[in-house]
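Taking it in order: structure first as structure tokens, then the write-up.
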Amino acid sequence: MSERFEFTGRYRNIVFGLIGVGIVLLLAGIFFSDQSGTAAHDAEHAAVVIEQGDVHPVADTHGHGHEAPTTGKRILANVLIGALYFMTITMGALFFLAIHRVGNAGWQTAIRRVPEAITSYLPVAVVSFAALFFFLDHLFEWAHLEPGVDALIDEKRAYLNEGGFIIRNLIFFGGWFGAAWYLRKLSLAQDQEGGLFHFKRAEVISAVFIIFFAISYSLFAIDWVKSLEPHWFSTIFGIYIFAGSMVSAMVTIYLILVFLKKQGYMSYVNDAHFHDIGKYVFGFSVFWAYIWVAQYLLIWYSNIPEEGIYYVKRYRVEDHAYLGYSFFFYFNVLVNFFVPFLALMTRNAKRTFSVFIPVGVILLYGHWHDLFLMVMPGAVGYNPGISLIEVGTFMTFLGLFLFVVFTALTRANLVPQKHPYLEESLHHTTGEV
Amino acid sequence: MSHVRSPIRQKWVTNTETYGKITEDITRPIESKPNPIWLAATAFSGLVMTIGFALIGWTMWKGIGTWGLNPTVGWAFDITNFVFWVGIGHAGTLISAVLLLFRQEWRNSINRASEAMTIFAVLCAGLFPILHMGRPWLGLWFLPLPNTRGSLWVNFNSPLLWDVFAISTYLTVSLVFWYLGMIPDFATIRDRMARAGRKVAAAIYGGMAFGWEGSSRNWSRFEIISLILSGLATPLVLSVHSIVSMDFATSVIPGWHTTIFPPYFVAGAIFSGFGMVQTLMIVTRKVYKLENYITMDHMESIAKIVIATGSLVGFAYMTEFFIAWYSGSLWERYIFINRAFGPFGWSYWIMFTCNVITPQLFWFKKIRTNMVITFIISIFINVGMWFERFVIIVTSLHRDFLPSSWASYVPTWVEAGIFIGTFGLFMFCFFLFSKFLPVVNMFEVKTLLHHPKKPAHLEAGESGTSESVSA
């Protein structure tokens, strides 16, 4: 069995179009953007002064000798969201490969070239983060403030400093890239040579990767997301990012498979494969909700100001001095939990494309929405809303992602020939519909 | 599930050619006379259990002043034991429900005993919240029942009440799941007893089999209800210990209040449960000669889950420590330094060694397949997970915000005796189970009997592909 994906001119054009339109929209967004940020910001400070004595959410990000939120900051925050978005999907796919190898899962063999292709985006994701290294002081309050201004941040300087930040993230990226590259190499070598050598080697690499991943990914989450609000802390934060990564990675794999199947490729991928990925989407969205509740409920219940501030910023509505995220806050739970929970409950829903695709698209939006809600209050402050800048930045990243993934798909046989579990996967079934 | 099986996969049933042999092997302890070792062990655990109950009686007679609690350390052995035993239970539910969803064939021969373990562990756990109230005869006040006490009503805002619901739901679902799963096996035993002319036994097992006749209609209904129950039990694996963790994490006590607690407690619970599964299975497979059904591969799979969950627990310890520092909060930082280097530091290091370091030994295949070492490590895990709860509960309490109210805690012999007594109860129940009920799920193991022959060229594990093999 042999099959190769062809990245035809038509799809190439669509992908380049995405990038092009994205950049145009971004530029248009900058051109049309409201430059009155400074005025709004001054108004916020006025509000702070009036309500002195209250525990005020704005005081947390806006207390200390800082600059007004500008369009530039907003673009940076959007680039961070775009970089995070596709990095999390890539890492979800890499974790998918590793955990299934360690768990000796046979069913996923026929589809594994898709997550493999997704992991080839990793170098580009790394470059997008590396570009942000040069703007740390514009994104992060701790990088911007001089020592001696904020006592709490000074307490954390041993961890939150630019040198350490860059070095440890380079180590993380290096480790992840090494694992992705080596697993892909072993998988392709298996096609040529067969046997069990590459297969067994992949098990060892996967096990080591999973341990490295657990530690590095949660520190990565702390560094790039949690430290945007450097006063705040939550022990579960890394797992929360992980949960979101897995949902969107599973949806991405599903949708790419649907695309390939519609193009006439992968005739051997059947209902059961889609059903199983659909189960993961359902399961991980419930897991996401579980982690969401674990974080929210415990912070809400204890009502400790240092922790509660994170949510106060995000859901208070009555007062305009608050940042205007309350709708986003509730909507987040709706799209990321209630929609998939209700829509994907039945077994048929997980394998019927006309049901799954809309839910999948909602979840992909939901992941972006979730990241927006995590990043924006810390990086920008007030809610800038979703406009051309957001759409344009996302489209540019999406085009780049699709270009890299589809190019990677052309590079190898879609069937992982000579994989010891291939035959199991080709006969995979989860029962009648 | 695929009907094609890769030839490189292991066999989960070894040296067994017929279904009849499976039935023979598993019903043997039920049909034969109890052996003297079993009698002695049961009697001994019964004695320990009796001592435990006597001390419970003493506690109720004298009050919980017989325990070593004080105003600062208001929770200690009681809640430690409670969380310990609830945690033990989690492996059974994970094996019966979650591993079923993940199509893990190896669960088929260990699910029965693990589910039994779950139920007995939850019984032991349930004793402590009732006892620690001080007036256990008012235990009914736990339940939101209409009453004549005016507006006195349970506090729905309290995680302690959520616990009542979580644990009782858990016990109910586990019990029903366990019992239903045994019905086809009860019918098998009934038929064998009837054939052997043992009328009383046949009548008892017949009653328990609910008139099972093995018809396709029986099986169809059985499979539907099994699926529904495993669907219900799966969220329970997560919810029960999440709620137990909220007994602590909803508070404002440093060391208790941390957002990672729910998943961390669940991972710890599964870890401790699998430690106990190892302990029990190593003995059971040896004593009842079940090595063909609970094979070395089973023991290796269990060991791998122990590595995974043990590492998760270690990861949670490190996260807590790091975030305590990162928080910049004076209280958070102090409580963790005190935990590791304060007066109860020894218990922290016992916990850390047993839970984080010893399971890492299972990375080595030689250790995983050595049952003596595995048994010892499993005991370490049980000890470590008990200490984990002790560390969380006692070290977070004993030095509170006011140094003038700092105190220590030493258990009394009454508390220690009750704890040991619950081991008696647990083992007593398990011994009765292993004698009178089928310890291995016969009908599910039978589904694993037929495997493709492993081709010669793959035995060496060098060349050949699955395609050429299965064609």
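Within every chain, numbering begins at 1; the chains are lettered A, B, ... in the order of the sequence lines, protein sequences first and strands thereafter. Please read all numbers here as calculations on a predicted model, not as lab measurements.
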What closest approach, in Å, do [X] and [Y] show between heavy atoms, and which atom pair accounts for it?
| X | Y | answer |
| --- | --- | --- |
| E155(A) | W325(B) | O-CZ2, 3.6 Å |
| A214(A) | F315(B) | O-CE1, 3.3 Å |
| S327(B) | L152(A) | O-CD1, 3.9 Å |
| S302(A) | S251(B) | OG-O, 3.0 Å |

Donor-acceptor pair between T319(B) and T235(A) side chains, under 3.5 angstrom: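 Absent: no donor and acceptor within the cut-off.
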With a 4.5 angstrom heavy-atom cut-off, could you sort out which part of [X] is near chain B: side chain, backbone, both or neither?
| X | value |
| --- | --- |
| S227(A) | both |
| A105(A) | backbone |
| S218(A) | side chain |
| F199(A) | side chain |
| I210(A) | neither |

Six-ring centre of Y326(B), K226(A) cation under 6.0 angstrom, axis tolerance 45°: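 Yes - K226(A) lies over the ring of Y326(B), closer than 6.0 Å to its centre and within 45° of its axis.
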Cation-aromatic face contact R5(B)/Y421(A), 6.0 Å, 45 degrees: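 That pair does not qualify as a cation-pi contact.
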Within-4.5 Å side-chain heavy-atom neighbours: Y301(A) and H257(B):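 Not touching, per the 4.5 Å side-chain cut-off.
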Side chains of S311(B) and I211(A) in contact at under 4.5 Å (non-hydrogen atoms):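 When only atoms from C-beta onward are counted, I211(A) and S311(B) do not touch, as no gap falls below 4.5 Å.
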How about [atom1] on [X], more than 12 heavy atoms from neighbouring residues, nucleotides or ligands closer than 6.0 Å, or not?
| X | atom1 | value |
| --- | --- | --- |
| R221(B) | CZ | no |
| W300(A) | CH2 | no |
| R333(B) | CZ | yes |

Looking at [atom1] of [X] and [atom2] of [Y], how far apart are the two atoms once the value is rounded to the nearest 0.5 Å?
| X | Y | atom1 | atom2 | value |
| --- | --- | --- | --- | --- |
| I260(B) | S234(A) | CD1 | OG | 8.5 Å |
| L422(A) | S6(B) | CG | OG | 10.0 Å |
| T259(B) | F233(A) | OG1 | CZ | 9.0 Å |

Chain B: which of [options] shares the most heavy-atom pairs with it under 4.5 Å?
| options | answer |
| --- | --- |
| E193(A), E306(A), K156(A), E307(A) | K156(A) |
| N104(A), D154(A), V286(A) | N104(A) |
| D276(A), I239(A), N303(A) | D276(A) |

Contacting moiety of P235(B), where chain A heavy atoms sit under 4.5 Å: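 Contact with chain A: none, neither part.
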Portion of F322(B) that has a non-hydrogen atom of chain A nearer than 4.5 angstrom: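 Only the side chain of F322(B) comes within 4.5 Å of chain A.
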For chain B, which residues of residues 290-297 of chain A have heavy atoms nearer than 4.5 angstrom: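 Y290(A), I291(A), A294(A), Q295(A), L297(A), listed by number.
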